[in-house]
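As the structure lists them, so they are numbered: ligands from 1, and atoms in each ligand from 1.
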Amino acid sequence: MNRIGVLTSGGDSPGMNAAVRAVVRAGVEKNLEVVGIHRGYQGMIDGEMELLAARSVSGIINRGGTILHSARCMEFMKPEGRARAAEKLREWNIEGIVVVGGDGSYRGAHALYTEHGITCIGLPGTIDNDIGGTEYTIGFDTAINTAMEAIDRVRDTAASHDRIFFVEVMGRHSGYISMITAIAGGAEEVLVPERPTDIPALVETLRTGHAGGKTSMIVVVAEGDDAGNAFEIAQKVAETSEFKNTRVTIIGHLQRGGSPTAFDRVLASRMGVRAVSALLEGESGKMVGIHNQEMVLCPLSDAWENRTRFKPELLEVLRVLGT
Ligand code: ADP
C-alpha cells in the first residue's frame, strides 16, 4: 500500500482534527502518501482532494471542527454515486481510506467496501456516543463538558431568580448526552427520547423538589424528546401547574464546537494511529473502537447493529441525587 485517503463525514465533532492529524502523521511515518478528501463523500465524488504532508496538519490538534470540512451527500446514497466515488479513488491511486464519522458515514463506507472492494477503516467521530463497537466516540467528552459548563452558568442565574430552567441539549435519537450532562450538572430531571415524557409526573418531581426546599431547578431536555422541544415542554408545565416562572436555554450547536478535551485528543490520536496500522495489516470493513482502555477492531456493521444501549441505571442515579 502506497497511498491512503482520509475524510471526515456527517455531523462534525470536536477531535476530528486530532484524528486527521494522527492518520496523516502515522501514514507519513510508515512511508505512505496521505490524501485529504474534502467535504466527505461529496468531495470524494467531485475529486476535491489534496496530498497532505506531516506539516499540513500542524497546529490543529487543539482546534474543533474539521479542516477537511464535512458534508452530507445524497448522491452517495445511490449506487451510481458510490460508483463515481470509487472511480475517483482509483484515479487518484488511493488504495485505502479512513472515514471519520458516525454510523451513517459507516454505512456509506460499508457499501463502498462491499460494492467496489474499496479498503476502508472507520473512526467514530460523533458527539452522541451512541454507536456500537466502542465505549467512547471522538467528540463526546468535549460535548458533555461544554453542556455541563453551560448548565453551571444557567444554574447561577436560575438560583438568583428562583426560576425553573429547561435546558435543551443535542440528541435527536439518543438521550445519552442529556443523561450524562444532567448528572454532571446536578440537574433535577432529564427528559430523553428513550423514555416517554409524562408532563404530570414531571410536575410532581418539581413539586417534590420545591417542597424539599429547592427554589430553582434545572430540567435537561434532549432535543428529540417525544413531548416536544424545550419551549413546548416549558409551556405545558406553565399551563398545567403553579410553576409559571420558567425559562428555556437551547445549547444546540455550541456543543459541536470548541477545543477538544484532552480525552478526545488522546482518543482521536490513538484511533488514528491504529487505523493506519490496520490498513497496513490488510484489514478492511472495520472500525476502530476503545474497549477497556484498549484499541479494538470490529466490523463496521457493529456501529448500527450493536448501538450503545440506553442505561436506565443513569436515570436512577439522577432520580436519587436530584431530590
Ligand atoms: P453521520 O455519519 O454523522 O451519522 P449521516 O447519517 O448524515 O452522518 O451520514 C453521512 C453521509 O454518509 C451521508 O450524507 C451519505 O452520503 C452517507 N450515508 C449515510 N447513510 C448511508 C447509506 N445507508 N448508504 C450509503 N451512504 C450513506
Side-chain angles (χ1 to χ4, degrees), residues 5-17 19-20 23 37-49 64-66 68-89 97-134 136-140 142-143 169-177 193 222-224 252-253 255-257 260 264 267-268 271 275 284-289 298-308:
V6 58
L7 65 147
T8 52
S9 169
D12 65 311
S13 69
M16 278 185 160
N17 278 329
V20 170
V23 171
I37 302 167
H38 291 257
R39 292 178 218 289
Y41 293 123
Q42 191 62 54
M44 190 183 282
I45 291 173
D46 297 341
E48 249 190 279
M49 312 184 189
T66 160
L68 293 178
H69 296 255
S70 188
R72 296 205 157 91
C73 174
M74 292 320 289
E75 204 180 338
F76 196 81
M77 305 285 281
K78 300 186 208 120
E80 312 84 71
R82 294 194 289 275
R84 286 185 60 198
E87 185 53 37
K88 201 53 92 172
L89 290 175
I97 55 169
V98 179
V99 180
V100 190
D103 67 317
S105 302
Y106 282 12
R107 284 174 204 263
H110 190 256
L112 209 51
Y113 169 57
T114 50
E115 292 168 8
H116 300 282
I118 302 289
T119 300
C120 55
I121 296 289
L123 298 189
T126 164
I127 61 170
D128 289 330
N129 207 31
D130 60 346
I131 69 177
T134 186
Y136 290 98
T137 57
I138 298 164
F140 170 69
T142 307
V169 302
M170 280 191 160
R172 254 174 295 168
H173 308 292
S174 163
Y176 200 58
I177 290 186
E223 66 175 330
H253 283 80
Q255 274 165 110
R256 283 262 181 94
D264 277 332
L267 182 68
M271 287 181 160
S284 185
K286 303 237 170 111
M287 62 172 279
V288 180
C298 58
L300 279 173
S301 54
D302 273 14
W304 61 88
E305 283 170 6
N306 298 319
R307 291 177 84 87
T308 308

To check your reading of the model: name the closest protein heavy atom to atom 11 (C) of ligand 1, its residue, and the distance in Å.
Ser9 OG, 3.8 Å
Identity and distance of the protein heavy atom lying nearest atom 26 (N) of ligand 1
Gly108 CA, 3.3 Å
What is the nearest protein non-hydrogen atom to atom 10 (C) of ligand 1, stated with its residue, atom name and distance?
Ser105 OG, 3.5 Å
Does some non-hydrogen atom of Ala111 fall short of 4.0 Å from ligand 1?
no
Considering Met44, Arg107, Arg72, which one's heavy-atom position lies nearest to atom 22 (C) of ligand 1?
Arg107
Give the residue and atom name of whichever protein heavy atom lies nearest to atom 20 (N) of ligand 1, and the separation in Å to one decimal.
Gly104 O, 3.3 Å
Within ligand 1, which atoms have a heavy atom of Phe76 less than 4.0 Å away?
16 (O), 25 (C), 26 (N)
Close approach, Thr126 and ligand 1, non-hydrogen under 4.0 angstrom:
no
Give me the residue, atom name and distance of the protein heavy atom closest to atom 14 (O) of ligand 1.
Cys73 N, 2.7 Å
Could you walk me through whether Ser174 and Asp128 pass the side chain to side chain donor-acceptor pair (under 3.5 Å) check?
CA-CA 7 Å; Ser174 163; Asp128 289 330; 5.6 Å; no
Atom 3 (O) of ligand 1: the protein heavy-atom neighbour that sits closest, reported with distance to 0.1 Å:
Gly11 N, 3.1 Å
If you measure every N or O of Gly102 against every N or O of ligand 1, does any of those distances drop under 3.5 Å?
yes
Can a salt bridge be assigned to the pair Arg39 and Asp46 using a cut-off of 4.0 Å between side-chain N and carboxylate O?
no
What protein heavy atom sits nearest atom 21 (C) of ligand 1, and how far away is it?
Met77 SD, 3.4 Å
Are any of the N or O atoms of Met74 closer than 3.5 Å to those of ligand 1?
no
Return the closest protein heavy atom for atom 8 (O) of ligand 1 as residue, atom name and distance.
Gly10 CA, 3.3 Å
If you measure from atom 25 (C) of ligand 1 to every heavy atom of Arg82, Glu75, Lys78, Gln42, which option wins on shortest distance?
Arg82
